[in-house]
Trainee: 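Mind having a look at this structure? Questions to follow.
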Amino acid sequence: SEAATSRSAVQRLVTQDKANVIFGDPMGGAWLSVTEEAKTLTILESMLPNVFNPQYRYSFNISMLPIETAVRVNHLPVYTGKQPAKWVGVTEDSIPGQSMLGLQTAIVKMLGYEFEAVSFQPGTSDFTAVATKVLTTNADVCILGMNDTGLFQLMRSLRTASFPGICLCP
């Protein structure tokens, strides 16, 4: 099987080749215990819930977007009190914003959740209308796809509008 082949290859890298670092593949779950036991630093691009287990001290995740972690690990019910059913992504209507939105849409939909997008014009400083659009989606989770001062203004607008869900910032 692919898992057995992957585990065998990693065992060889750790024991024979004495690898210091391994960049993981989607089969990481089959061999993560091998790299942990050998204290070999492991960087996984695909998300594995085990990475968050305290016993895994040498394994790290660099998934494409942090939202992938939240969706795959399924830990949001701890914070929200219920399983999120719908997600909304909020980004600037620009090439980088739309690119991020495309990735968010693909990841969330691939994992079986409903997703809606809300965008705003570059230079927006009053996010009241954006927060209103977010509320009309009835989403449980809002992904804020921005990293400038507008992020804080948007969060303030969402709070003022009484957004009942949880917000994630990739």
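For this chain, numbers begin at 1 and follow the sequence in order.
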Trainee: Which distance, rounded to the nearest 0.5 Å, do you find between the OH of Tyr113 and the CH2 of Trp87?
Mentor: 7.0 Å
Trainee: Tell me, do Ile143 and Val90 make a side-chain contact under 4.5 Å, heavy atoms counted?
Mentor: no
Trainee: About how many Å separate CG of Leu158 and CG of Leu144, when rounded to the nearest 0.5 Å?
Mentor: 6.5 Å
Trainee: Mind checking side chain to side chain contact (heavy atoms under 4.5 Å, CB included) for Ser94 and listing every partner two or more places apart, or none if nothing turns up?
Mentor: Glu92, Pro96
Trainee: Measure the spacing between CD1 of Ile22 and CG of Leu13 and express it to the nearest 0.5 Å.
Mentor: 5.0 Å
Trainee: Identify the residue among Val141, Val108, Ile166 that makes a side chain to side chain contact (heavy atoms under 4.5 Å, CB included) with Pro84.
Mentor: Val141
Trainee: According to side chain to side chain donor-acceptor pair (under 3.5 Å), does anything in residues 153-163 pair up with another residue at least two apart or in another chain? List the pairs.
Mentor: none
Trainee: Name all residues meeting the salt bridge (charged side-chain N to carboxylate O under 4.0 Å, His left out) criterion together with Glu116; count only those two or more places apart in sequence or in a different chain, and write none if there are none.
Mentor: Lys86
Trainee: For the pair Arg7 and Ser33, evaluate side chain to side chain contact (heavy atoms under 4.5 Å, CB included) and give the outcome as yes or no after the intermediate values.
Mentor: CA-CA 10 Å; Arg7 184 177 177 87; Ser33 61; 3.4 Å; yes
Trainee: Going by heavy atoms in the side chains, are Gln104 and Phe115 under 4.5 Å from each other?
Mentor: yes
Trainee: Which pair of non-hydrogen atoms, one from Lys39 and one from Tyr58, has the smallest distance, and what is that distance?
Mentor: CD-OH, 3.4 Å
Trainee: Applying side chain to side chain contact (heavy atoms under 4.5 Å, CB included), can you list everything that pairs with Ala38, at least two apart in sequence or on another chain?
Mentor: Val14, Thr40
Trainee: Which distance, rounded to the nearest 0.5 Å, do you find between the CD of Glu36 and the OG1 of Thr42?
Mentor: 6.5 Å
Trainee: Applying side-chain hydrogen bond (donor to acceptor under 3.5 Å, both in side chains), name anything that partners Gln98, two or more places apart in sequence or on another chain.
Mentor: Asp93
Trainee: List the atom pairs, donor and acceptor, that lie under 3.5 Å between side-chain atoms in residues 118-135 and the rest of the protein, sequence neighbours left out.
Mentor:
from, atom 1, to, atom 2, distance (Å)
Thr124, OG1, Gln121, O, 2.5
Asp126, OD1, Thr128, N, 3.0
Asp126, OD1, Thr128, OG1, 2.6
Thr132, OG1, Thr128, O, 3.0

Trainee: OG1/Thr91 to CG/Leu101 distance, rounded to the nearest 0.5 angstrom?
Mentor: 4.0 Å
